[in-house]
Number of protein chains: 2
Amino acid sequence: MKLKEQFNQKGLRITKQRQIVMEVVEKHKGRHLSSSEIFELVKENYSGIGLATIYRTLPLLEKMKLLSKICLDDGCVRYEPYAPKEQEHHHLICVKCGAVYEVEADLLGIEEKQIIMNNHFSTQNYMVKLYGYCKTCAEEDVV
Amino acid sequence: MKLKEQFNQKGLRITKQRQIVMEVVEKHKGRHLSSSEIFELVKENYSGIGLATIYRTLPLLEKMKLLSKICLDDGCVRYEPYAPKEQEHHHLICVKCGAVYEVEADLLGIEEKQIIMNNHFSTQNYMVKLYGYCKTCAEEDVV
DNA sequence: TACATGATGATAATAATTATCAGTATCACG
DNA sequence: CGTGATACTGATAATTATTATCATCATGTA
């Protein structure tokens with residue numbers, strides 16, 4: 001496995017805790033788990049885990065591009081398995097009910113990317129979040 | 001001023017505090033002020049203000065579409081003056097140095113909007129955030 | 001001007017996250 | 001297969017951002 005090398009290169013160690021955190025997030029692909037949700041799920045397999053370890057592990061796995069951090073503006077940081085470029089997906093966040101939907105599409109056209117390039121911004125691995133109203137909420141509210 | 005009516009309609013009162021908060025955010029258009037930054041700035045003009053008032057006022061002004069909330073994923077909520085549709089702008093966030101740039105362009109093409117519509121999501125007043133590397137950081141890092 | 005009640009300031013309470021530190025486990029090396 | 005250097009962990013204290021509480025104050029209508 002290349003993972004081991006990736007860790008060793010940086011003097012990092014592969015621990016049981018780190019492995020289980022990875023497993024849990026991968027198992028729940030499609031969800032957007034908060035740190036404390038991950039804590040609860042990890043405890044099911046490894047009851048001795050400490051919350052501090054969760055908070056230390058998640059940013060580390062993010063830096064290693066094993067997880068992606070997402071902020072859905074609900075007051076906590078969330079994580080999902082890292083998606084390579086080809087499987088990039090974006091989030092539609094309903095500002096009313098908070099529901100989160102995913103769109104698996106490259107939402108930026110070539111022209112738009114050009115605009116960003118012109119700003120000297122390299123959007124390798126970008127992420128788009130759209131705020132709006134989901135079907136249900138759009139019908140209720142006549143905004 | 002239509003503002004007064006807008007407040008009265010909902011049984012809300014126009015207070016000195018609310019006015020100064022608005023003034024401060026408008027005065028710093030282009031910046032993305034956090035709640036505590038706004039607190040500090042308001043104190044310069046109105047030293048008696050309480051932090052709780054800031055936290056009560058900002059979401060209220062947001063609901064009235066006088067301010068926009070932005071989350072730049074740095075652990076706090078930020079605000080900027082509300083931008084009507086024509087002046088919509090988006091944020092480029094450097095994941096390395098945290099710098100925030102603005103692009104004043106409609107980043108989603110018609111096709112892309114269609115994709116979103118197909119998901120039954122009405123993106124009236126959407127906001128796009130792009131994560132990536134700014135010029136400086138892209139040069140340092142060979143990602 | 002007076003009053004009904006919405007708004008405020010001070011502060012206690014929560015919630016998410018970070019820092020500290022002594023004890024533990026990993027893994028390179030022999 | 002030890003063993004030791006040190007990275008990692010769990011427990012917990014400390015921070016930081018935000019929300020709730022409540023007595024007092026100020027707005028705007030009558």
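Just so we're on the same page: letters track the sequence lines, and every chain starts at 1. Predicted, not measured: the structure shown is a model, and the values here were computed from it.
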- Query: 5'-most contact on DNA chain D: B/Cys76 or A/Thr15, nearest heavy atom basis?
  - Reply: A/Thr15

- Query: Counting just side-chain N and O atoms, does B/Ser36 come under 4.0 Å of either OP1 or OP2 of D/dT16?
  - Reply: no

- Could you state the CD-C1' distance from A/Glu40 to C/dA16, rounded to the nearest angstrom? 14 Å

- Between C1' of D/dT29 and CZ of B/Arg13, the distance in whole Å: 9 Å

- Message: In this structure, how many angstroms lie between the C1' atom of D/dT19 and the CG atom of A/Asp74, rounded?
- Response: 16 Å

- Message: Distance check needed: C/dG6 P versus B/Arg18 CZ, whole Å only.
- Response: 11 Å

- Message: Just to be sure I understand the geometry, which residues of residues 42-62 of chain B put a non-hydrogen atom under 4.0 Å away from DNA chain C?
- Response: B/Tyr46, B/Gly48, B/Ile49, B/Gly50, B/Ala52, B/Thr53, B/Arg56

- Message: Need one value for B/Ser34: base, sugar-phosphate or nothing, where a base atom within 4.0 Å counts as base even if backbone is also close, heavy atoms only.
- Response: nothing

- Roughly how many Å is it from CG in B/Asp73 to C1' in C/dA16, rounded to a whole number? 15 Å

- Task: Could you tell me whether B/Arg78 and B/Asp73 have a side-chain N and a carboxylate O separated by less than 4.0 Å?
- Result: no

- Quick one: is C/dA25 close enough that its OP1 or OP2 comes under 4.0 Å of any side-chain N or O from A/Gln17? no

- Query: Rounded to whole angstroms, how far apart are CG on A/Leu12 and C1' on D/dT9?
  - Reply: 15 Å

- Task: Step by step, work out the side chain to side chain donor-acceptor pair (under 3.5 Å) result for B/Glu102 and B/His32.
- Result: CA-CA 11 Å; B/Glu102 299 192 344; B/His32 312 96; 2.7 Å; yes

- Item | Below 4.0 Å: OP1/OP2 of C/dT17 and any side-chain N or O of A/Ser35 | yes

- Query: Do any N or O atoms from the side chain of A/Thr53 and from the backbone of A/Ile49 form a donor-acceptor pair under 3.5 angstrom?
  - Reply: no

- Check: B/Ser34 main-chain N/O paired with B/Glu37 side-chain donor or acceptor under 3.5 Å: yes

- Task: Answer yes or no: does a side-chain N or O of B/Asn8 lie under 4.0 Å from OP1 or OP2 of D/dT29?
- Result: yes

- Go through the steps to decide whether A/His90 and B/Glu112 satisfy the test side chain to side chain donor-acceptor pair (under 3.5 Å), and finish with yes or no. CA-CA 12 Å; A/His90 303 289; B/Glu112 289 76 18; over 6 Å; no

- Integer-rounded Å distance: C/dT24 P and A/Lys16 NZ: 19 Å

- Query: Under 3.5 Å, side chain of A/Ser47 to main-chain N/O of A/Lys43, donor-acceptor pair present?
  - Reply: no

- Is a side-chain donor or acceptor of B/Arg18 paired with a backbone partner of B/Arg13 at a separation under 3.5 angstrom? yes

- Whole Å only: how far is the CZ atom of B/Phe7 from the C1' atom of D/dT29? 18 Å

